Amino acid sequence: MVTVLVAAFAVAMQTWPVKQERTMLRADEFPIMAWGSAPGDRQALDEMRASGINLAGMVRTADLDQVHAAGLMALVDEAHVGDAEAALSQEEIDRRVQALVDRVAGHPAVLGYYLRDEPNAALFPGLGRWADAYRRLAPGELAYVSLFPNYATPAQLGSEGYEQHLEEFVRHVRPQWITYNHYALMDDGSLRDGYFQNLEAVRRVAQRHNLPFSNIVLANAHFHYADPTDGGLRFQVYTTLAYGGRGISYFTYFAPNIGNYRLAPIDQFMNRTPTWYMLRNVNMQIHTLGPTLLQLRSVGVVHHPNVPSGSQGISAARHVAEVSGGDLLVGEFDGPAGEPYALVVNKNRHRSTPFSVRFRQAGTVMMVNAYTGARQAWVGENVWLAPGQGMLLFVSP
């Protein structure tokens, strides 16, 4: 018996996780953002980096050196575009933007400039003038505007619907990136209606205009939103990745000192909460899968067996012939040489599930391990998905 136990332990140790330094994705290739204002405190910034964040959020120019020293990038927040600023002339906008760009002077921590959160459609022309100024005066840097979700009011979105709201934004602002928020995990355990419809609309518009997109998701509890869980964080991240998203932002990393906000990764007393460790785990998975995901092109998204309104079922899949084993989402991708990939996501945020999949193309089904990055056979216990978990599969001839 002792010999058997020793042998079993030796086998387990071959795959036992070992803490190691990991290469993190850069913010300019896949932003993982702590949405909100970031302090200039070096310890807080180092801790943010340790959680897997690579984009610190919105900072003042005086804090850029500390952000850079922590290995992070940030958005400069010293020219917020309020309603009055959106109405300024192009000449005045150019003057203000040039003054800010001169102060920043090509700082390596600058990914871009924060303009506005959730603008009404009527402000798009004015925001377009600001974005144009940054394109000319700070070429290559991001003019950041985050958009409403599809559950915003018609007065906020305009009368023609959400997808047209996105189209009007692209037409007037000509963004380098589409980013929006959608807070969908509710404290009664439900998923807000429209979550997948929001992803569908943003993906369509982003692909139509050859733009990357990112999603701002919940990392705290407030109002009637649910307390963060491993399954909830994984669900929000992996559904975004399956739809072809190229970035994720967390609202919020620091808990605000108001209302019923709680369980952000860092609480109101600047201490880590359990959410910090859950956030780090899913962020490390993004960093591990990122080098592969960045080489892929999103070609479709299907659901099985429960298909949300406005989405497609398995019959529409390009690469996957069959999938079973739970309430699943499948994001389909083409690899660099056209080889088929599928990111299969367990949409159940509370229960694990085993699953099976059959590709249309013949060959051996392989996986990209989200913890090691290894390309390995998809066999044994790897057929199980944790709540909200995704698994990246491909076919090897």
Side-chain angles (χ1 to χ4, degrees), residues 149-151 182-204 215 217-219 224-245 248 278 281-282 285-286 289 293 298-333 340-360 365 367-371 378-394:
N150 59 357
Y151 53 83
H182 193 114
Y183 308 142
L185 309 186
M186 311 308 293
D187 62 7
D188 62 0
S190 66
L191 181 73
R192 183 198 288 272
D193 288 343
Y195 177 75
F196 289 110
Q197 291 85 346
N198 211 150
L199 279 165
E200 295 276 356
V202 171
R203 179 179 180 273
R204 280 194 298 269
N215 192 1
V217 301
L218 282 168
H224 279 299
Y225 297 120
D227 289 359
T229 65
D230 281 307
L233 287 169
R234 286 190 297 258
F235 172 88
Q236 292 175 107
V237 166
Y238 274 104
T239 52
T240 301
L241 295 179
Y243 270 83
I248 198 83
M278 295 187 289
N281 187 282
V282 74
Q285 294 180 49
I286 298 173
L289 293 174
L293 289 172
S298 175
V299 296
V301 184
V302 299
H303 295 251
H304 183 79
N306 300 314
V307 182
S309 173
S311 298
Q312 293 185 302
I314 192 66
S315 62
R318 177 182 301 196
H319 297 317
V320 173
E322 296 177 358
V323 64
S324 63
D327 190 9
L328 302 175
L329 162 66
V330 182
E332 298 193 300
F333 301 84
Y341 281 78
L343 181 55
V344 183
V345 183
N346 177 13
K347 292 192 290 183
N348 192 310
R349 304 185 307 282
H350 311 291
R351 297 192 65 188
S352 295
T353 187
F355 75 105
S356 63
V357 64
R358 181 172 66 83
F359 283 82
R360 298 185 189 280
V365 179
M367 62 179 281
V368 182
N369 192 303
Y371 307 110
W378 179 59
V379 295
E381 293 184 9
N382 287 315
V383 304
W384 279 84
L385 290 170
Q389 183 71 34
M391 176 139 340
L392 183 60
L393 304 176
F394 66 100

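As the structure is a prediction and not an experimental result, all values here were calculated from the model.
- Atom CD1 of Ile314 and atom CG of Leu328 lie 9.0 Å apart (nearest 0.5 Å).
- Put simply, CG on Asp227 and CG on Asp187 are 8.0 Å apart, with the number rounded to the nearest 0.5 Å.
- Although no hydrogens or angles enter the test, the distance criterion places no donor-acceptor pair under 3.5 Å between the side chain of Ser190 and the main chain of Met186.
- For the pair Met367 and Leu393, the tightest heavy-atom approach, listed with the atom from each and the gap, is CB-CD2, 3.7 Å.
- Note: Ser298 OG to Phe333 CZ = 5.0 Å, rounded to the nearest 0.5 Å.
- In plain terms, the two heavy atoms of Ala242 and Leu329 that are nearest each other are CB-CD2, 3.9 Å.
- Judged by distance alone, the side chain of Glu332 and the main-chain N or O of Arg318 form a donor-acceptor pair under 3.5 Å.
- Of all non-hydrogen atoms in Arg203 and Val299, the two that sit nearest each other are NH2-C, 3.4 Å.
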For Trp378 and Phe394: C-alpha separation, side-chain torsions, deciding distance, then whether ring-ring contact (aromatic ring centres under 6.0 Å, His included) applies. CA-CA 9 Å; Trp378 179 59; Phe394 66 100; over 10 Å; no
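- Of all heavy-atom pairs spanning Ile286 and Ile248, the tightest one is CD1-CG2, 3.9 Å.
- Of the possible donor and acceptor atoms, one in the side chain of Asn346 sits under 3.5 Å from a partner among the backbone N and O of Asn348.
- Shown here is Asn382, whose CG atom has more than 12 heavy atoms of other residues, nucleotides or ligands within 6.0 Å.
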Please report the C-alpha distance between Val302 and Val320 in whole Å, then the side-chain angles of each, then the deciding distance to 0.1 Å, and finally whether the side chain to side chain contact (heavy atoms under 4.5 Å, CB included) criterion is met. CA-CA 9 Å; Val302 299; Val320 173; 5.9 Å; no
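- A side-chain donor-acceptor contact under 3.5 Å links Arg234 to the backbone of Pro387.
- Put simply, the side chain of His224 does not reach to within 4.5 Å of the side chain of Asp188, judged on heavy atoms.
- Partners of Tyr243 by ring pair (Phe, Tyr, Trp, His ring centres under 6.0 Å), not counting sequence neighbours: none found.
- Not one N or O on the side chain of Gln285 forms a donor-acceptor pair closer than 3.5 Å with the backbone of Tyr371.
- Atoms CG and CG, on Leu392 and Asn369 in that order, are 10.5 Å from each other to the nearest 0.5 Å.
- Distance OG/Ser324 to NE2/His304: 6.5 Å, rounded to 0.5 Å.
- Of all non-hydrogen atoms in Tyr238 and Ala370, the two that sit nearest each other are OH-CB, 3.7 Å.
- Side chain of Arg192 to backbone of Tyr183: a donor-acceptor contact under 3.5 angstrom is found.
- Using a 4.5 Å heavy-atom threshold, the side chains of Val330 and Leu343 count as separate.
- Under the 3.5 Å distance criterion, the side-chain polar atoms of Asn150 are matched with a main-chain donor or acceptor of Gly194.
- Between Leu185 and Phe235 the shortest side-chain heavy-atom distance falls below 4.5 Å.
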Can Tyr195 and His182 be said to form a ring-ring contact (aromatic ring centres under 6.0 Å, His included), step by step? CA-CA 7 Å; Tyr195 177 75; His182 193 114; 5.5 Å; yes
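- Put simply, the side chain of Asp193 does not reach to within 4.5 Å of the side chain of Tyr151, judged on heavy atoms.
- By the side-chain hydrogen bond (donor to acceptor under 3.5 Å, both in side chains) test, Arg204 pairs with Glu163, sequence neighbours left out.
- The distance from the CG atom of Leu233 to the CG atom of Leu218 is 9.0 Å, given to the nearest 0.5 Å.
- When atom types are taken as modelled, the side chain of Glu322 and the backbone of Arg358 share no donor-acceptor pair closer than 3.5 angstrom.
- For Thr240 (side chain) and Gln236 (main-chain N/O), a donor-acceptor pair under 3.5 Å exists by modelled atom type.
- For Asp327, the salt bridge (charged side-chain N to carboxylate O under 4.0 Å, His left out) partners are Lys347, not counting sequence neighbours.
- Summarising the geometry of Asp230 relative to Met278, their closest heavy-atom pair is OD1-CG, 3.0 Å, with the distance given to 0.1 Å.
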